[in-house]
Amino acid sequence: MSGPAIGAAWRAVRDRFRAANLDTPELDARLLALEAFGLDSLALLGAEQQPAPPAALERLESLALRRLTGEPVARILGEKEFYGLPFRLNAATLVPRPDTELLVDLALQWLAGHPSARLLDLGTGSGAIPVAILANNPTVLAVATDLAPLALEAAAANARDNSVSGRLELRQGSWFDPIGPDERFDLIVSNPPYIESATIAGLAPDVRDFDPLLALDGGPDGLGPYRVIAESAGRHLRAPGALMVEIGSGQGQAVVELFEAKGFSKVRIEKDLAGLDRVVIAHQL
Ligand SMILES: C[S@@+](CC[C@H](N)C(=O)[O-])C[C@H]1O[C@@H](n2cnc3c(N)ncnc32)[C@H](O)[C@@H]1O
């Protein structure tokens, strides 16, 4: 007796995901099927009627069970697309979020008017921000820091995979600690941890149970990393320079005030596609 065809097998998984009320059951089932059957999207279409190999079926089942227990697809696959580029993940990296693409857009716009700029990314994680920027601007040189050595391993792999490793220097340490006292940059960017410590236990399980705490926890009021950045960014910016940080949607005014108090000019909030405050931009003129 032969087993199900490949098309029937992945659609059965999709139906179980639907029944479990997952947000994107069809996409999730397709992505796990591509992995289990070792196919790309086009090949999956062409293979719909072929019998599913038993070992691949078993693999699909084990991936589906992980998804059904709440593990995000990006964690299961160990990779996520960001800004149209592939990024490998590991236990120390945040899954890069679509929201963060706004920060990359704004950085690229600013860099278009500042050729051959030097960029610093603080808390780089998978390297999503500087790798996306470097892949879209061939003259920028970047330094990126993170406290987590394992995250920097993923960032190094992602820089290699996306052919920008010659222009990205990775340094381990807390915020500006790995930056020399006289080192200057034209643009400093960061998507730091910004969630209030006390609210982390109540986050959605796919975030709370799978993203690293170091990537989420912004301290008692969620603003700890912004204070460190506000304190030191001015010393490491070459005028006319800019500082751009991603923020939580309720943090705009507080972060604007932190940056203004440290002497930054033309500090403003940018909203994301959902109309929520998402990035604060400050200038050193
Ligand atoms: C919200 S995640 C952002 C990761 C990545 N930039 C992105 O946008 O996907 C914050 C990052 O800051 C790093 N981090 C936390 N505390 C840090 C510190 N004291 N110094 C440097 N990096 C830190 C975490 O390891 C994590 O990679």
Side-chain angles (χ1 to χ4, degrees), residues 72 74-75 78-108 119-135 142-159 162 164 168-179 185 187-197 199-200 203-204 206-208 210-220 222-233 236 243-249 251 255 270 272 278-280:
R75 288 276 166 221
E79 64 178 39
K80 173 78 178 172
E81 191 180 285
F82 176 80
Y83 220 78
L85 302 169
F87 285 86
R88 298 190 216 182
L89 305 174
N90 64 29
T93 55
L94 184 90
V95 176
R97 307 293 206 269
D99 288 339
T100 305
E101 295 187 343
L102 175 64
L103 180 57
V104 174
D105 282 339
L106 293 166
L108 284 168
L119 167 77
L120 172 62
D121 176 39
L122 298 163
T124 201
S126 63
I129 296 171
V131 169
I133 291 173
L134 295 177
V143 173
T145 71
D146 204 289
L147 192 56
L150 187 62
L152 292 175
E153 284 181 25
N158 289 323
N162 290 294
V164 299
L168 177 60
E169 193 187 326
L170 297 166
R171 300 187 198 166
Q172 191 271 327
S174 185
W175 306 128
F176 289 94
D177 288 358
I179 305 302
F185 299 85
L187 176 62
I188 298 178
V189 296
S190 184
N191 173 21
Y194 53 67
I195 298 173
E196 293 171 29
S197 309
T199 65
I200 288 179
L203 291 176
D206 59 339
V207 176
R208 183 194 60 210
F210 295 98
D211 278 318
L213 186 61
L214 188 65
L216 301 175
D217 192 345
L223 299 172
Y226 299 114
R227 290 195 184 89
V228 178
I229 292 170
E231 184 62 42
S232 298
H236 296 288
L243 168 63
M244 301 184 184
V245 295
E246 180 169 320
I247 55 165
S249 58
Q251 295 174 318
V255 175
E270 289 281 339
D272 62 20
R278 186 56 61 201
V279 171
V280 171

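This structure is a prediction, so every number in the text was calculated from the model and none was measured. Both ligands and their constituent atoms are indexed starting at 1 by order of listing.
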Quiz item: Does a salt bridge link D177 with R171, judged by any charged N lying under 4.0 Å from a carboxylate O?
Solution: no
Quiz item: Would E270 and R278 count as a side chain to side chain contact (heavy atoms under 4.5 Å, CB included) if you check the C-alpha gap in whole Å, the side-chain angles of each, and the deciding distance to 0.1 Å?
Solution: CA-CA 6 Å; E270 289 281 339; R278 186 56 61 201; over 6 Å; no
For ligand 1, list every N/O pair with the protein closer than 3.5 Å, one pair per line with the distance.
from: ligand 1; atom 1: 6 (N); to: G123; atom 2: O; distance (Å): 2.9
from: ligand 1; atom 1: 6 (N); to: T124; atom 2: O; distance (Å): 3.4
from: ligand 1; atom 1: 8 (O); to: N191; atom 2: ND2; distance (Å): 2.9
from: ligand 1; atom 1: 19 (N); to: S174; atom 2: OG; distance (Å): 2.9
from: ligand 1; atom 1: 19 (N); to: W175; atom 2: NE1; distance (Å): 3.2
from: ligand 1; atom 1: 20 (N); to: W175; atom 2: N; distance (Å): 2.9
from: ligand 1; atom 1: 22 (N); to: L147; atom 2: N; distance (Å): 3.3
from: ligand 1; atom 1: 25 (O); to: D146; atom 2: OD1; distance (Å): 2.7
from: ligand 1; atom 1: 25 (O); to: D146; atom 2: OD2; distance (Å): 3.4
from: ligand 1; atom 1: 27 (O); to: G125; atom 2: N; distance (Å): 3.4
from: ligand 1; atom 1: 27 (O); to: D146; atom 2: OD2; distance (Å): 2.7

Quiz item: Between R97 and D211, is the closest basic N to carboxylate O distance under 4.0 Å?
Solution: yes
Quiz item: Does one side chain, of D146 or T124, offer a donor that lies under 3.5 Å from an acceptor on the other?
Solution: no
Quiz item: When the ring planes of Y194 and Y226 are compared, do they come out parallel, tilted or perpendicular, using 30° and 60° as the limits?
Solution: parallel
Exercise. With sequence neighbours excluded, tell me which residues meet side-chain contact (heavy atoms from CB on, under 4.5 Å) with L203.
Key: I195, I200, V207, R208, L216
